[in-house]
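Data first, discussion second: the structure below is written as structure tokens.
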Amino acid sequence: MRLIPVPTPTVDDPSVTAADDPLLALVVGATLRAARHRLRDHLTSLGLDPDDACLVLSELVGNALLHGGDTAAVAWRLAGDRLHIGVADAAALSLPVIQDSCTREGGRGLLLVEQLAESWGVRPLGALGKETWCNLQVASA
């Protein structure tokens, strides 16, 4: 059994305090929908539009499950209108961003993340794998 690292739910915002606890989940293919609904419910309850965030979460978790193993650890933290999403998996290698001009079907998830997020990246976690993260602004609903 391989350990799945816990993503680091950070936001580049000095107003984030220890009281702003992140939401964490362990996701497998069958629970991706539940994780997406949990994020949607969380943002909607705060009067925020969840659409872009849910799409980004789906893409990051989908990549983690497709290329990184059977499970992924997910964390998100909201600070005002800034959302940080981190998805950790057991694979050490990051995936390339497929360009618009590519004729290949599929493989454009990170291109979507790049278009919707303010920033994103991959953080190596040594022998445990990697974390793919993004920061995005969440608009009012």
Side-chain angles (χ1 to χ4, degrees), residues 1-46 48-141:
M1 179 174 154
R2 242 179 131 175
L3 295 176
I4 300 296
V6 175
T8 307
T10 59
V11 175
D12 295 330
D13 185 339
S15 66
V16 175
T17 66
D20 299 318
D21 289 332
L23 295 170
L24 298 167
L26 186 63
V27 179
V28 296
T31 61
L32 172 54
R33 182 176 180 196
R36 190 174 51 244
H37 282 272
R38 186 172 178 195
L39 177 59
R40 177 174 296 283
D41 291 347
H42 179 208
L43 295 176
T44 301
S45 73
L46 298 171
L48 299 171
D49 181 359
D51 291 343
D52 287 352
C54 287
L55 176 58
V56 167
L57 176 73
S58 292
E59 293 299 337
L60 293 180
V61 173
N63 276 342
L65 295 176
L66 181 62
H67 302 287
D70 296 334
T71 59
V74 176
W76 66 79
R77 174 175 275 161
L78 183 66
D81 66 349
R82 297 291 191 265
L83 178 67
H84 174 88
I85 300 173
V87 177
D89 64 55
L93 300 175
S94 62
L95 299 172
V97 176
I98 303 297
Q99 300 304 314
D100 284 333
S101 60
C102 180
T103 58
R104 182 178 124 187
E105 285 188 30
R108 289 179 179 74
L110 291 178
L111 181 62
L112 286 171
V113 172
E114 187 172 84
Q115 295 297 314
L116 295 173
E118 293 178 335
S119 59
W120 75 278
V122 178
R123 183 173 69 99
L125 301 172
L128 293 177
K130 69 176 175 312
E131 174 189 9
T132 306
W133 59 268
C134 72
N135 293 311
L136 61 147
Q137 182 177 13
V138 185
S140 295

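Both backbone and side-chain heavy atoms feed into the values below; hydrogens, waters and symmetry mates do not. Starting from 1, each residue takes its place in the sequence as its number.
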Does any non-hydrogen side-chain atom of Asp49 lie less than 4.5 Å from one of Leu43?
no
Is the side chain of Ser45 donor-acceptor paired with the backbone N or O of His42 at a distance under 3.5 Å, no angle test?
yes
Test item: Ile85 and Asn135 side chains (from C-beta on) under 4.5 Å apart, heavy atoms
no
Leu55 and Val113, any side-chain heavy atoms less than 4.5 Å apart
no
To the nearest 0.5 Å, what is the distance between CD on Glu131 and CG on Leu125?
6.5 Å
Could you measure the distance from the OG1 atom of Thr44 to the NE2 atom of His37? Nearest 0.5 Å is fine.
11.0 Å
Show your working on side chain to side chain contact (heavy atoms under 4.5 Å, CB included) between Leu110 and Trp120 and close with a plain yes or no.
CA-CA 9 Å; Leu110 291 178; Trp120 75 278; 4.0 Å; yes
Smallest heavy-atom separation, Ala64 atom then Val87 atom, equals CB-CG1, 3.7 Å
Side chain to side chain contact (heavy atoms under 4.5 Å, CB included) between Glu118 and Gln137, intermediate numbers included
CA-CA 7 Å; Glu118 293 178 335; Gln137 182 177 13; 3.5 Å; yes
What distance separates Leu46 CG from Asp81 CG, expressed to the nearest 0.5 Å?
12.0 Å
Please examine the side chains of Asn63 and Asp89, heavy atoms only from C-beta on, and report whether any two atoms are closer than 4.5 Å.
no
Is any side-chain heavy atom of Arg82 closer than 4.5 Å to a side-chain heavy atom of Arg77?
no
Rounded to the nearest 0.5 Å, how far apart are CG of Leu65 and NE2 of His67?
10.5 Å
With the side chain counted from C-beta on, respond yes when Leu112 and Val56 share a heavy-atom pair under 4.5 Å apart, and no when they do not.
no
Among all residues two or more places apart in sequence or in another chain, which pass the side-chain hydrogen bond (donor to acceptor under 3.5 Å, both in side chains) test with Asp51?
Arg40
Close side-chain approach of Asp52 and Val138, heavy atoms under 4.5 Å
no
Within a strict 4.5 Å, meaning less than it, do heavy atoms of the Trp76 and His84 side chains meet?
no
What is the distance from atom CG of Leu83 to atom SG of Cys134, rounded to the nearest 0.5 Å?
7.0 Å
Could you work out, with salt bridge (Lys or Arg N to Asp or Glu O under 4.0 Å) as the rule, every residue matching Asp70, not counting sequence neighbours?
none
When rounded to the nearest 0.5 Å, the distance separating CD of Glu114 from CD of Glu59 is 13.0 Å
side-chain hydrogen bond (donor to acceptor under 3.5 Å, both in side chains) filter on Arg36, not counting sequence neighbours, yields Ser58
Which residues share a side chain to side chain contact (heavy atoms under 4.5 Å, CB included) with Leu66, sequence neighbours left out:
none
